[in-house]
Engineer: 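My questions all concern the structure below.
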2 protein chains.
Amino acid sequence: MSKEPKFKTYTISDLSKEFEVTPRALRLYEESGLLGPKREGNKRIYLERDRVRLRLLLRGKRLGCTLSEIKDIFDMYETKSGEKGQILMLLEKMDDRRKKLQIQRQDVDMALEEIERVYQKIRKSLDEIEASEKINS
Amino acid sequence: MSKEPKFKTYTISDLSKEFEVTPRALRLYEESGLLGPKREGNKRIYLERDRVRLRLLLRGKRLGCTLSEIKDIFDMYETKSGEKGQILMLLEKMDDRRKKLQIQRQDVDMALEEIERVYQKIRKSLDEIEASEKINS
DNA sequence: TATTACGTTTACGTAAACGTCAACATATTT
DNA sequence: AAATATGTTGACGTTTACGTAAACGTAATA
């Protein structure tokens with residue numbers, strides 16, 4: 001009866017398994033300032049907050065962001081800057097981010113359309129092959 | 001009056017400028033099998049086909065694909081495989097690709113929603129600051 | 001003719017994002 | 001007590017996607 005967790009905690013291998021990343025990666029993310037697990041002695045203890053961050057982080061990666069870009073975004077989320085100037089800069093940054101995402105949306109949609117087009121073309125030629133197979137049987 | 005172009009052609013710096021990539025990058029893309037410009041003596045002559053490919057290539061990059069993934073996609077587009085087995089494999093590959101893109105779409109949309117949420121929050125705190133500025137004037 | 005612009009190949013350098021050890025500590029199981 | 005599992009910190013290796021510089025060819029321009 002010493003340390004009751006009180007909150008759910010995760011070890012490095014818990015998160016490692018859940019999100020299918022290596023411990024090495026998790027340590028790197030920490031070194032890059034993206035995660036900030038507590039320590040119990042020497043060992044890393046991750047809280048829910050880290051888990052959420054990790055999820056966002058990986059989503060960012062899938063979108064092609066670098067770790068430092070992701071860092072920027074995280075910082076953006078957390079700035080509780082009382083200063084007006086800071087806030088204005090923040091809004092601007094978020095606008096940039098939004099624009100990039102919108103371009104990415106277009107890119108994805110165009111890629112999907114192309115895949116679809118080519119897919120149909122290929123299917124058609126497959127159908128033709130199968131038709132000729134029937135005849136020759 | 002020797003070589004009439006007949007088709008529109010581009011030099012390396014033409015494409016370099018149009019798409020804002022360095023010549024070095026274009027040569028790398030060629031080395032990676034993504035572009036295949038003709039040669040006039042020693043110099044690279046790009047045709048429309050290369051220009052289209054470059055556009056697709058860069059779109060792929062924006063989506064976070066590696067050059068070799070893009071190569072796979074290009075190969076996919078071009079397989080005029082008469083063989084049925086080949087075609088089936090191709091269709092499967094395209095399905096994978098489509099799934100990945102759909103996940104990316106979701107990722108982008110979720111990211112956009114989050115940006116929007118945070119954006120509104122920040123705006124609100126900005127409004128509050130400006131309101132208190134008016135009072136104190 | 002000398003300079004400038006544009007192109008070439010070859011080759012080494014680099015930043016990012018890990019992988020892959022080594023060498024060690026700690027805790028639990030056998 | 002010995003082995004096993006899990007964790008730690010270095011530190012060097014690797015791949016990708018170029019950057020950068022050297023050394024050179026060719027063609028138009030001053």
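Here the structure is a predicted model, which is why all the values come from computation and not from measurement. These numbers come from the heavy atoms of this one structure, side chains and all, not from hydrogens, waters or symmetry mates. Naming: A, B, ... by sequence-line order, numbering from 1 per chain.
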Engineer: Please give, in whole Å, the distance from D:dT6 P to A:Leu15 CG?
Structural biologist: 15 Å

Engineer: Would you jot down, in residue-number order, the residues of residues 51-69 of chain B having a non-hydrogen atom under 4.0 Å from DNA chain C?
Structural biologist: none

Engineer: For the side chain of A:Arg27, starting at C-beta, report the closest nucleotide among D:dT8, D:dC18, D:dT6.
Structural biologist: D:dT8

Engineer: Find the distance between CG (B:Leu34) and CG (B:Leu57) and round it off to the nearest 0.5 Å.
Structural biologist: 5.0 Å

Engineer: Applying salt bridge (Lys or Arg N to Asp or Glu O under 4.0 Å), can you list everything that pairs with B:Glu133, at least two apart in sequence or on another chain?
Structural biologist: A:Lys84

Engineer: For B:Gln102 and B:Gln106, which I'm curious about, is there any donor-acceptor pair between the side chains at under 3.5 Å?
Structural biologist: no

Engineer: With a 4.0 Å cutoff (strictly under), does any side-chain N or O of B:Thr11 reach OP1 or OP2 of C:dG7?
Structural biologist: yes

Engineer: Would you say B:Leu28 and B:Leu67 make side-chain contact, with heavy atoms under 4.5 Å?
Structural biologist: yes

Engineer: A:Tyr46 versus A:Leu54: any side-chain heavy-atom pair under 4.5 Å?
Structural biologist: no

Engineer: According to a strict under-4.0 Å criterion, is A:Tyr29 in side-chain N/O contact with OP1 or OP2 of C:dA17?
Structural biologist: no

Engineer: Out of C:dA17, C:dG7, C:dT8, which nucleotide sits closest to the side chain of B:Ser13?
Structural biologist: C:dG7

Engineer: How long is the line joining CD of B:Glu31 and P of D:dC18, in whole Å?
Structural biologist: 12 Å

Engineer: To the nearest 0.5 angstrom, please state how far the CZ atom of A:Arg59 sits from the CG atom of B:Asp107.
Structural biologist: 6.0 Å

Engineer: Check the distance between D:dT20's P and B:Leu28's CG and give it to me in whole angstrom.
Structural biologist: 15 Å

Engineer: In whole angstroms, how far is the C1' atom of D:dG7 from the CZ atom of A:Arg39?
Structural biologist: 10 Å

Engineer: Where do B:Ile87 and A:Ser125 come nearest, in terms of heavy atoms and distance?
Structural biologist: CD1-OG, 3.8 Å

Engineer: Using atom names, set out every protein N or O paired with an N or O of nucleotides 20-27 of chain C below 3.5 Å, distance rounded to 0.1 Å.
Structural biologist:
{"unit_1": "C:dT20", "atom_1": "O4", "unit_2": "A:Arg24", "atom_2": "NE", "d": "3.2"}

